[in-house]
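Report on the following structure.
Nothing here was measured: the structure is a model prediction, and the numbers come from that model.
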Amino acid sequence: MNCKPELIETHRYCAEVANELESRWQSAWSADNLNVIGNPGDADFDSSKPKFYCLDMFPYPSGAGLHVGHPVGYIGSDIISRFKRMQGFNVLHPMGWDAFGLPAEQYAIETGIHPAETTRKAIDTFRGQLQRIGFSYDWSREFATIDPEYYKWTQWIWLKAYSAWFDPTLKKARPITSLIEGLDCGEVKPTHGKWQDFSEDEKTLYINEQRLAYLGEQIVNWCPKLGTVLANEEVIDGLSERGGFPVVRRPLCQWMFRITSFADRLLEDLEDLDWPQSTLRMQAEWIGRSEGADIDFSIDGSDASIRVYTTRPDTLFGVTFIVLAPEHPIVNELIESPPEQCDGNALDDYVTQARNRADVDRMADAKGKSGVFSGLYATNPATGNCIPVWIADYVLMGYGHGAIMAVPAHDQRDHAFAEAHDIEIIEVVKSKTNETFSITDKCFSGKGVAVNSASEYISIEGLDTNEAMQKIIAWLVENNIGVAKVNYRLRDWLFSRQRYWGEPFPIVFDAKGNHYPVEESHLPVVLPNLENYTPAESEDPTPLLGKATDWLHTTAGEAGVDPELLCPDTPVTREANTMPGWAGSCWYEIRYCSPQCNDRFVASDAENYWMGNGVDLYIGGAEHAVLHLLYARFWHKMLFDLGEVSCNEPFQKLFHQGLLTSFSFQRTNKSLVPSDQVEERDEKFFEIATGEEVERVIAKMSKSLKNIVNPDDIISQYGADTLRLYEMYMGPLEASAPWNTRDIVGVHRFLQRVWRLCTDEHTGKMHASLQDAPDNTIERALATTIAKVTHDIPKLAYNTAIASMIEFVNTATSTSKLTADQLNQFVRLLAPFAPHIAQEIFAKLGGDGYIDVAEWPTFDPEKLIADKVELPVQIMGKVRGRVSVSTNASDEEIEKAALSDPNIRVLLETLTIKKIIIVPNKIINIVAN
RNA sequence: GCCGAAGUGGCGGAAUUGGCAGACGCGCCGGAUUCAAAAUCCGGUUCCCGUUAAGGGAGUAUGGGUUCGAGUCCCAUCUUCGGUACCA
């Protein structure tokens, strides 16, 4: 007898077999362009078929390569894409690279290697790793944001915004020429003065101020030593996170986007989107629309006044002080000539300190409620009372007018400040429900009834909050003190960076500082090479591209400025700032429709077909819930208004995949131990160095914790199909779950059993045992599985779909009565999840062509209905027995069956039946006592 | 602080509208097979009491409530994770 182990193992589904067949089919798919999809107008493209545009958030290709967390969302999108293809959809499923960004630039600073070189290399690594997982991307549509043919159009879109304004009457973006025409013919009035009286320079200035992309001053965190601007989170206590150098907050003139003009539409249009509730809410809160009033407080002994914004004008009688942000314009004047009661030096110190603190730090000592008295007094217009003006950093310059009317009785922060600085607290709103409430202990910020709210000027005494607000606003307007106002938290978008590795702006400046756009024919403005990438130490913010002097200084003609605007030999300076990382990701979903189009940013008919009502499914991490998704929506709306795209919203349905976490180990003092320094003994974990027991906890995958898992390793051990299946089987796609290498064997064994259903492991041949006549149990199990998988895939409930397939295979294995046709149907169900093994078995069964284009199995609903059903019988909600009845039995029959059950009969002997509840095909509950 | 999400066996997780809690997988236990082991196949596996069994009790973070019936609905509390803006 021959029992050499290697012979027995030869035809078992294992890593070698998986890897062999996976590479073989991947090559075949690629050679036959299986996943290349055409566009409307192409010879073999059927545009009468429904479309499904399934998009992944494209990755930033880091030098470290993929880890197993990256593919989670990609596997999810691949499954539904393959499913839709089998259901007869035209599926657009592309992939590309978000390739501008800081890490490559940092690396270039350290090594001198051009970011393009490292980025291209990283892209190759990523592409290779993704392809090995067997995704059905149409790689012919691949592009990177750093491709000049791509960023040419990023620059072009920016020019569109530069050449547009927001028409407040039509509530949409329009070409800037329509503004100029409107102003010239008097249809549009400037916000101040008469257009005819404007000088040419004033006119230009005014027009420039109206552009959707405009130059504005913004405060930035400048670190002179590092020669760079830092993000808020990179600044800790006024020092740079990297190196600990001083950081100053100072204004800088930069390109901005007028996203605030679109605030209303960005908010309203959220309603029609099929997005996670939590994300919709986060976007809405970020936009932060509020209704209230602007109110002017006159300063005593001066003609000037302070304008504040409030959401609660009804609390005007309770205003006992005013607070200005340290950055408020009046504060500068105070420092220069301090009033009598104001300590100018102390104020100067406070303002300097506050200005250089990040908002995060201001937030940190919320309890301190620091502030300085300004020496000024203002008048409360409702009471005529004289109230002090304070300066405190809990008021931010970036919101409202940088000044507030403080109502300590009804605002948490004002209350804390008043307590700290001994300022009067006057209650002006009484809660309708909580009568025993004491305003000296804490504030009441809800709505209620106005009290203490009458004076010789106006009374709102006894009015409900809403009525009170209306009445006081009417009075404010009548007396020219204030006006109703809608306010947004959203600020205009700062779009300049002083970096190298980003898209250059297609714009130049003349000697006087006037700006001129580069004409489309001269796009792209290509990023010049630099000798080295280290920023220069400097007191003034300087863009890195300023080093490329040859490129920087040119002539209008060479740069491509319209000769009618500027004589071609005029010397000009190029814009040396670059666009931020967000730029490329703001419109990539559009470009995928026709990535090779070179006469337009997208071919209209392709955009029309694929974008239709927007991307049908957009999968990506929740960390992009606000910024990326808001910015992309803004660009899309702008392009829609200007007639460049056909729909109003880019992403119809959005899904966030969960974070893939990993295990880590924690000492008793809560510090973490890298995973390679821990050993497992008897299901307990010990730190090797100390022998101390450590606790296994969930943590993010990180280099320092040594708990990163590389998909390549998993594939070489089990194959790509096992990796795909495991990542989807771990739990719901939207939930975070810890990677546990131990569990992978489960799905691998499942694939082995699938393999064994048709393959003799000794010979590698097809089983002769496949039946001809279908068995009823198997038929029903198969129908159930088809129903479950077909139902679960559109919900992206892959874990339960896989569980039902496992159940089917277990049934098929234990009965061994499967027919070739049943197996064929089953592998078609499996194909979206584990495409390679499914394809191999499909081919072995004599399937025609590729399984990817085979038909999705259907089932006869009749087969799902059993003729008998077992019902649990409860007495007072506890299961005491079970009866078997026919599915269509009447309530009387069921009741009779339940009461005649011996167990039930015994139990009921001492009880009186009050009621019997029968839930059809579910349960019987006898109410008795 | 505020907002959002979530707490179910030893572990990952199942559970249409309130209707048999623990599907499926891992791990563990037992059996078949084997000289033996691996692999495979079959069976068991929430906890407690019941020496086995029949059976009983408890149980979905905690404490209340609604209901014939609650993992699911309501109120309060605790814990964890994610987001963040002292937003007037």
Which value, in whole Å, describes the distance between the [atom1] atoms of nucleotides [N] and [M]?
N: B:rU8; M: B:rC47; atom1: C1'; value: 14 Å
N: B:rA15; M: B:rG7; atom1: P; value: 12 Å
N: B:rU67; M: B:rC78; atom1: P; value: 28 Å
N: B:rU60; M: B:rG65; atom1: P; value: 15 Å
N: B:rC29; M: B:rA38; atom1: P; value: 12 Å

Distance in angstrom units between [X] [atom1] and [N] [atom2], rounded:
X: A:R749; N: B:rA39; atom1: CZ; atom2: P; answer: 7 Å
X: A:Y718; N: B:rG25; atom1: OH; atom2: P; answer: 17 Å
X: A:M730; N: B:rC24; atom1: CE; atom2: P; answer: 20 Å
X: A:L871; N: B:rG69; atom1: CG; atom2: C1'; answer: 15 Å
X: A:D792; N: B:rC24; atom1: CG; atom2: C1'; answer: 12 Å

Scan [X] against the nucleic acid and name what it touches under 4.0 Å (heavy atoms): base, sugar-phosphate only, or nothing.
X: A:T813; result: nothing
X: A:S736; result: sugar-phosphate
X: A:N810; result: sugar-phosphate
X: A:R289; result: nothing
X: A:N799; result: sugar-phosphate
X: A:E807; result: sugar-phosphate

If you check the [X] side chain, which of [options] turns out closest?
X: A:W286; options: B:rA85, B:rC20, B:rA14; value: B:rA85
X: A:R880; options: B:rA23, B:rG56, B:rC11; value: B:rG56
X: A:R742; options: B:rC3, B:rG10, B:rG57; value: B:rG10
X: A:R489; options: B:rA88, B:rA85, B:rG13; value: B:rA85

Checklist entry - Do A:Y729 and B:rC24 share a donor-acceptor pair, side chain to base, under 3.5 Å? => result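 For A:Y729, whose side chain was compared with the base of B:rC24, there is a donor-acceptor pair (under 3.5 Å).
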Counting the benzene-type ring for Trp, do [X] and [Y] have ring centres under 6.0 Å apart?
X: A:Y309; Y: A:H401; result: no
X: A:Y726; Y: A:W739; result: yes
X: A:F321; Y: A:H421; result: no

Polar atoms only, N or O, under 3.5 Å: list the protein pairs with nucleotides 17-19 of chain B and their distances.
| from | atom 1 | to | atom 2 | distance (Å) |
| --- | --- | --- | --- | --- |
| B:rG19 | N2 | A:N925 | ND2 | 3.4 |

Item to check | Euclidean distance, A:R756 CZ relative to A:R12 CZ, rounded to 0.5 Å | outcome: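 CZ of A:R756 is found 5.5 Å from CZ of A:R12.
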Item to check | Exceeds 12 heavy-atom contacts within 6.0 angstrom, atom CD of A:Q277 | outcome: no
Next on the checklist: Check the phosphate of B:rG4 against A:Q277, side-chain N and O only, distance under 4.0 Å to OP1 or OP2. Yes or no?
Outcome noted: no
What is the base-pairing partner of [N], counting Watson-Crick and G-U wobble geometry with both distances under 3.5 Å?
N: B:rA23; value: none
N: B:rG4; value: B:rC81
N: B:rC28; value: B:rG44
N: B:rU52; value: none
N: B:rC35; value: none

Checklist outcome for this item: Ranking A:V927 and A:V879 by the position along RNA chain B of their nearest nucleotide, the one closer to 5' is A:V879
Checklist entry - Nearest nucleotide by nearest heavy atom, which residue falls closer to the 5' end of RNA chain B, A:D743 or A:G400? => result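 By nearest-heavy-atom nucleotide position, the 5'-most residue is A:D743.
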Checklist entry - Do the ring planes of A:Y718 and A:H748 sit parallel (below 30°), tilted (30 to 60°) or perpendicular (above 60°)? => result perpendicular
Checklist entry - In terms of base orientation, is B:rG9 syn or anti, with the syn window spanning 90° either side of 0? => result syn
Checklist entry - Got A:L660 and A:S736 here, is their nearest side-chain heavy-atom distance under 4.5 Å? => result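 No - every pair of side-chain heavy atoms lies 4.5 Å or more apart.
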